[in-house]
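Heads up: the structure comes next, in C-alpha cells.
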Protein chains: 4
Amino acid sequence: MPRTEKQFQSIREKTRAQILNTALELFAEKGFKGTTISDIAKAAGISKGLAYNYFNSKQDLMNAVLNLLIIEMEQLFAVIKDIPDPYKKLRIIIETTFTNLERDEKFWRLYTSFSLQPEVKDDTEVIANGYLHEGFKLLENIFKQIGIKNPKSEAKLLGAIIDGMSFHYIFNGENYPLKQMTKFLLNKYSKGNLLPK
Amino acid sequence: MPRTEKQFQSIREKTRAQILNTALELFAEKGFKGTTISDIAKAAGISKGLAYNYFNSKQDLMNAVLNLLIIEMEQLFAVIKDIPDPYKKLRIIIETTFTNLERDEKFWRLYTSFSLQPEVKDDTEVIANGYLHEGFKLLENIFKQIGIKNPKSEAKLLGAIIDGMSFHYIFNGENYPLKQMTKFLLNKYSKGNLLPK
Amino acid sequence: MPRTEKQFQSIREKTRAQILNTALELFAEKGFKGTTISDIAKAAGISKGLAYNYFNSKQDLMNAVLNLLIIEMEQLFAVIKDIPDPYKKLRIIIETTFTNLERDEKFWRLYTSFSLQPEVKDDTEVIANGYLHEGFKLLENIFKQIGIKNPKSEAKLLGAIIDGMSFHYIFNGENYPLKQMTKFLLNKYSKGNLLPK
Amino acid sequence: MPRTEKQFQSIREKTRAQILNTALELFAEKGFKGTTISDIAKAAGISKGLAYNYFNSKQDLMNAVLNLLIIEMEQLFAVIKDIPDPYKKLRIIIETTFTNLERDEKFWRLYTSFSLQPEVKDDTEVIANGYLHEGFKLLENIFKQIGIKNPKSEAKLLGAIIDGMSFHYIFNGENYPLKQMTKFLLNKYSKGNLLPK
DNA sequence: AATGAATGAGACTTCATTCAT
DNA sequence: CATGAATGAAGTCTCATTCAT
C-alpha cells in the first residue's frame, strides 16, 4: 500500500525545508560558488541526487533561499507596523535590530555573496532595494509622525546608522561594543532628544 | 650591461602590477571563486602560464591583492591625518568618502568575497579590523579635539553612518540621493551644530 | 472467487500493454537512451515503481518492445499471404505500405535506436533480418508466380524501392510526393507492364 | 621561448581533426547519447578536459561532425557533376555508391542517431533534405538528358532503390548479395534498356 | 620571459533502480 | 498492487595547474 498523499506531502515539506535551511546556512557561510551541492547534501544528511528531486538546479535552490529571505523580512516589517507610538517604534526597531543580528548576518552574507553572482545579481538587488525602500518608508513615517524636519533624510540617516553598525558588528566581530552603542543610539533617538524644536 | 637587468626588473614590475590590478578588479566584480585565472590573464593581456610566473597560485594572487588593499588604505589615512583643523578634517572625510565611492565599492566587494574564502578569511578580517580600528581612532581624535562628549561613541556612530550610507549607495544604486544626503550630513557635522553645549 | 483472480490478470495485462505501448511510442520518438523510465511512467499514467513491477529493467522493457514488433510484423505478413492473385498481392503490398507509414516510421526509428544499443543490437538485427528475409521471400514467390525472370533479384529490388521510398518520406517529410510516387510505382508493377516477355 | 603561432595552429588542427574523427566514428557506432565524452577522449588518446578546449559542448562537437558530413557530401556530388555522358553518370553513381558504402553507413547511422536527438533533429533534417534534394535533382537531370518520360519520378525511384539497397546491406549485413544486385541494377539502367521508346 | 595545449580533480546534473509504506 | 522518495553511479563540464617549446 502506498503512502497517502498527505504522508508524501509531509515528507516533501520536511525534506525541502531541511535542504533549504542547510543551503541558507552554507551559502551564507561560504558563498554561493564556495558551497557545493555535495556540501549541502552531506550537511542535510541526504544524497546529492535527492537535492535535485527538490530543486532543479543550484540556481533554483539559490532562488528558493532568496524567497526565504523575502518572507522573513516581510514578517519583520509586519511586526513593527502594528505599534502605534512613534517613539516606541523607534526604540523597538533599534533594539530588535541589534538583539537579533543573527538573521542580519545571514542576510548580509547572502546578499553580498549573491550580488557577486551574475545569475542572481538582479534578483538580489530587487529584493534588497525592496527591503531598503520599505525600511526607509517605515522610518520616514515615524519621523513625520513625530513632526521632525526633513523626515526623508532623517530616515535615510538612521537607516545608514543601523546598517552600518550591523555591518561593523557582524563583520568585525567581538570587540565591537554593541550594547554600549545601542544605548548611545537609543538615547540619541529618545523622546527628549527628538522633540521638534 | 646593468641596464638590461634594470629593464627586466621594470618589465617584471609592470607586468606584476598589471596582473595584480586586473585581479583586484575582477575579484571585486565577480568574487574570488567567480574569477578564473583565464579571466585574469585575458583581461591583463597575458598568457595563463605567465600569470603563474608571477604568482604561485590563485591563493597567492589573492594574498597579493589583500596587501594592495592594505597599502591603499594606509595611504588614505595618511592624507587625512595631516589636516590640522578638526572641522575641516570631518568635512574632508565625509566629502572624499562620498565623492570617491569607487574605491569603497571595490573594498566592500573584495572584503565580502574574501571573507567567504576560508583560506584568507582570517587575514581579511585582520585587515578589515585594522581599517576599522584606525578609522575609529581617527574620528575619535577629531571629536576629542572638538571637545565633544563621548568621543568614542560619536566616532563609532559617524563610522556607521559613513559605511552604512556607502553600502546603501553602492549596493542599491541609482535612486539613492547621495548628494542630498552628503549635504545633510555635512550640515549635521558642521561647526555650528557640533559646538559642545 | 476465481473471478477476482481473473480480474487481477486482466488488470495486469492491461497495465502491461499500456506500459509497453507507451515505451514503444517513446523509444521510437526519442530513442532508447533518450527515453527515461520516468518519461514512460508519466506518459503511461503510472508510477515509476510500478513499471518495475512489470519489467525488471529498462533493458527488459526494450526486449518486450522488440517482441511486440515481431508479433506485429508477423501479423502483417499473414494478411498478405492469404491473397491468391500475385498482381493483387503486389498492389496490396505497395498500397498498404504507403498508406500506413506510421507503423513503418516506428519500425525504422525503433530499429535504428535499438541497433545503437549494444545490449540488443544482435537481437535487433536478427529480427530485422528475419523481417527482410521473410519480405524478400514473399516478393520472390510473387514474382515466381508471375513467371518473371530473376525473381530473387526482382524481389530485392522492389524491397529496396519500398524501404527506400518509406525512408525518404518518413525522414524527409512533407515535400515528398508520396501519392504520386505510389501511383508511379503501381503502374510500373501493374499486370500490363510486368507480363513476362 | 613559446611556440610560434604556426606551431600552435598545427597542433590545434591535428588534435581537432583527431577528436572530430573519433567522435564521428563513435557517434556512428553507438549513437549520440550512447557515446560519452570519456569514450571519445579515451579513443582519441586525450584527456576529457582537452576535448572541451576544442569544443564547447557535446552538442557543439556533434554540430562539427554534422558539418564534416556536409562537406563530404558536397565533394561527392562535385565529382559526379563533371561527367558529361548521362549513361556513364548513372553507372558511376551506382557503382561508387555500392563500392563505398562505409561512408554511407556512417551517414545513415549518424543521421538516424541525430534525428532521435531533439537538439539537432532540425539541423539534421535540413542537411538530409539538402542531400536528398540535390541527389534527386542530379538524377532528374540525367534522365532528362536521356530523354526519358517522367524524369522526376524516375529520379525518385532510382534514389529510393539506391538508398533502400544501401540500407538493406548496411543494416542487415553479410548475407545481402550486394555485388549481384549491383550488376542487376546496372543492367536495368544500362543504355540498351533505358533508351526512350 | 612567454605561450597555450594538456591534464585531472572535482563540480553540477541525470537517471536506472531500490525500498519503506 | 502501487507510490514516489531516496540512492549512487556515471555523465557533462570547469578550471587551477603543469609543461614542452
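Basis for what follows: all heavy atoms, side chains included, without hydrogens, waters or symmetry-related copies.
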Quiz item: Under the 3.5 angstrom rule, does the side chain of A:Thr112 hit a backbone N or O of A:Arg109 as a donor-acceptor pair?
Solution: yes
Self-check item: Donor-acceptor pair, side chain of D:Gln18 and main chain of D:Ala44, under 3.5 angstrom
Solution: yes
Practice problem: Identify which one of B:Lys30, B:Lys48, B:Lys33 satisfies the salt bridge (charged side-chain N to carboxylate O under 4.0 Å, His left out) criterion when paired with B:Asp39. | Solution: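 Exactly one pass, corresponding to B:Lys30.
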Quiz prompt | Sequence-aligned protein contact record of nucleotides 8-14 of chain E, with B where the base is within under 4.0 Å of a protein heavy atom and S where only the sugar-phosphate is | solution = B-BSSBB
Self-check item: Residue met sooner reading DNA chain E from 5', once B:Arg12 and D:Glu5 are mapped to nucleotides
Solution: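 Its nucleotide being nearer the 5' end, the pick is B:Arg12.
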Exercise. Compare all side-chain heavy atoms of D:Leu110 with those of D:Ser113 and state whether any distance is below 4.5 angstrom.
Key: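 D:Leu110 vs D:Ser113: side chains apart.
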What is the distance from [atom1] of [X] to [atom2] of [N], rounded to the nearest Å?
X	N	atom1	atom2	answer
D:Arg3	E:dA1	CZ	C1'	16 Å
D:Lys14	F:dA20	NZ	P	17 Å
A:Phe55	F:dA6	CZ	P	12 Å
D:Leu26	F:dG11	CG	P	13 Å
D:Glu13	E:dA6	CD	P	13 Å
D:Gln117	F:dG11	CD	C1'	14 Å
A:Lys6	F:dT3	NZ	C1'	18 Å
B:Lys42	F:dT14	NZ	C1'	13 Å

Quiz prompt | Pairs touching residues 9-58 of chain B that satisfy ring pair (Phe, Tyr, Trp, His ring centres under 6.0 Å), sequence neighbours left out | solution =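 Every pair satisfying ring pair (Phe, Tyr, Trp, His ring centres under 6.0 Å) with a residue in residues 9-58 of chain B: B:Phe27-B:Phe32, B:Phe27-B:Phe114.
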Practice problem: Compute the bend angle of the helix from E:dA2-F:dT21 to E:dT21-F:dA2 from the end axes (five pairs per end), rounded to 10°. | Solution: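 Its terminal axes enclose an angle near 10°.
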Quiz prompt | Minimal non-hydrogen separation, D:Leu116 against C:Ala28, with atom names | solution = CD2-O, 3.5 Å
Self-check item: Given E:dA5, E:dT3, E:dT7, the nucleotide with the shortest approach to the side chain of D:Ile46
Solution: E:dT7
Quiz item: Taking OP1 and OP2 of F:dA5, is either one under 4.0 Å from a side-chain nitrogen or oxygen of A:Asn53?
Solution: yes
Quiz item: Could you state the interatomic distance from CG (D:Leu66) to CD1 (D:Ile127), rounded to the nearest 0.5 Å?
Solution: 4.0 Å
Quiz item: Taking 4.0 angstrom as the limit, do C:Lys106 and C:Glu29 come out as a salt bridge?
Solution: no
Practice problem: Could you check whether A:Tyr54 gets within reach of a base, just the sugar-phosphate, or nothing at all, counting any heavy atom under 4.0 Å? | Solution: sugar-phosphate
Practice problem: Just call it for D:Thr15: base, sugar-phosphate, or nothing, with non-hydrogen atoms closer than 4.0 Å on any strand. | Solution: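 Sugar-phosphate, no base atom in range.
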Quiz item: With respect to D:Leu26, which candidate in D:Thr35, D:Thr36, D:Asn21 satisfies the side-chain contact (heavy atoms from CB on, under 4.5 Å) definition?
Solution: D:Thr35
